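The structure appears right after this line, and notes come after that.
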Amino acid sequence: MADLAGTAAALVAPGKGILAADESIGTMSARLTAAGAAPTRENRRAYRELLVTAPCLASAISGVILCDETFRQRLGDGRPFPAALAGLGLLTGIKVDAGAKPLPGAPGETVTEGLDGLAPRLAGYAELGAAFAKWRAVLRIGDGRPSRAAVRANAQALGRYAAACQQEGLVPVVEPEVLMDGPHSLAQCETVTALVLLEVMSELQDYGADLAGVVLKPNMAVPGSGCPEAAAPHQVAEATMAALGCVPATLAGVAFLSGGQPPERATRHLAALQGLPHVWPLTFSFGRALVDPALAAWRGDPACREAGQRALARRVALNAAALTGTYRDDLEREPALG
Ligand code: 13P
């Protein structure tokens, strides 16, 4: 029997966060192109190898989420990614959803698909070394959205996914993301996030998920990217904690996504969140806020590989500082970090 609670506790261990490197082939290819690198299968592999082999990654990263392509690829030395991660002291995660698809009857909204055949797929990943999985639901704010239907459909899928993961011995990372896109206010994001989380918690309960073996990966409550009013880190932290008011203390932990926030801002917000009272372990499961500087430094150029790794190590160190209460703004200008 898999020790789900033990694995979940390891994912959110003090001072450690999760690296999300599971962009789909399409998203990763677009990001490579934007960074000036050719969007090839080999470049996607080399980039992920650069990330996971960054020196000392395991000192502040507990696990890495991969997409199916990377999961089945090998490092330059011939080891499959899951085996290499285990050797580096990192847990392997796998994104198992099939993406957000248009939700019939709810114009402009999506439901994340991938439930068909999920159990045998999960069993296969577990067999090949995965310890945890990820499923991302996407909700949008604006023009009456999110609708009841979109909130319910996505929460229900997350509940079914979580139950299936635990049945197959994998810890589910449950990711309901309320997007930052739009002119909405901080208060609107807080309200919608609270509503979405309440629905997700209720579905997890209905599907009998053991919360001690579940990691929640929510968005922070932030003003929309088109909102004219900025919010201070303490306001973001307070709104986010209020939105998470329904999340029981029995949950293994909360690992925030970055959602397109600039790296420094995401770290500042994480530090402010850590400074508030909370009843579950609290950490990060960032994608872009950890890896964007690394991709920009590497650009597909083998000569810049170490520069890419240093850029990742720097963001990891800064976010680890946020977790331990030692983050200060001037650390962002500290050249020796990373
Ligand atoms: P971001 O931190 O870039 O939002 O990515 C997290 C993630 O896993 C998205 O599914």
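Ligands are counted one by one from 1 in listed order, and the atoms in each one are counted from 1 as well. All figures in this text were calculated on a predicted structure; none of them were measured in a lab.
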Inset, instruction - Describe, in one word, how the ring planes of F286 and F284 are oriented to each other, choosing from parallel (under 30°), tilted (30 to 60°) and perpendicular (over 60°). - result: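 Answer is tilted, since the angle falls between 30° and 60°.
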Legend entry - Plane angle bin for F71 and Y125 - parallel if under 30°, tilted between 30 and 60°, otherwise perpendicular: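 Judged by the thresholds at 30° and 60°, the geometry between Y125 and F71 is perpendicular.
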Inset, instruction - Determine the minimum heavy-atom distance between I65 and K95, stating which atoms define it. - result: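 Minimum heavy-atom contact is CG2-N, 4.0 Å.
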Inset, instruction - For residues V174 and A162, report the shortest heavy-atom separation together with the two atoms involved. - result: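 Heavy-atom minimum between the residues: CG2-CB, 4.2 Å.
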Legend entry - Residues R48, E23: salt bridge by 4.0 Å N-O rule: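 Looking at R48 and E23, the cut-off is met.
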So if I count the atoms of ligand 1 from 1 in the order they appear, which ones are less than 4.0 Å from some heavy atom of [X]?
{"X": "K217", "result": "6 (C), 7 (C), 8 (O)"}
{"X": "A20", "result": "8 (O)"}
{"X": "F286", "result": "2 (O)"}

Around [atom], find the nearest protein heavy atom and jot down its residue, atom name and distance.
{"atom": "atom 4 (O) of ligand 1", "answer": "G259 N, 2.7 Å"}
{"atom": "atom 10 (O) of ligand 1", "answer": "K134 NZ, 2.4 Å"}
{"atom": "atom 5 (O) of ligand 1", "answer": "G287 N, 3.5 Å"}

Examine the proximity of ligand 1 to [X] and report which part, side chain or backbone, both or neither, has a heavy atom under 4.0 Å away.
{"X": "S258", "result": "both"}
{"X": "R288", "result": "both"}
{"X": "E175", "result": "side chain"}

Inset, instruction - Mark yes or no for whether T324, through its side chain, and G15, through its backbone, hold a donor-acceptor pair below 3.5 Å. - result: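 Not confirmed, T324 side chain does not pair with G15 backbone.
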Inset, instruction - Determine whether the side chains of T70 and R44 contain a donor N or O and an acceptor N or O closer than 3.5 Å. - result: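 There is no such pair between these side chains.
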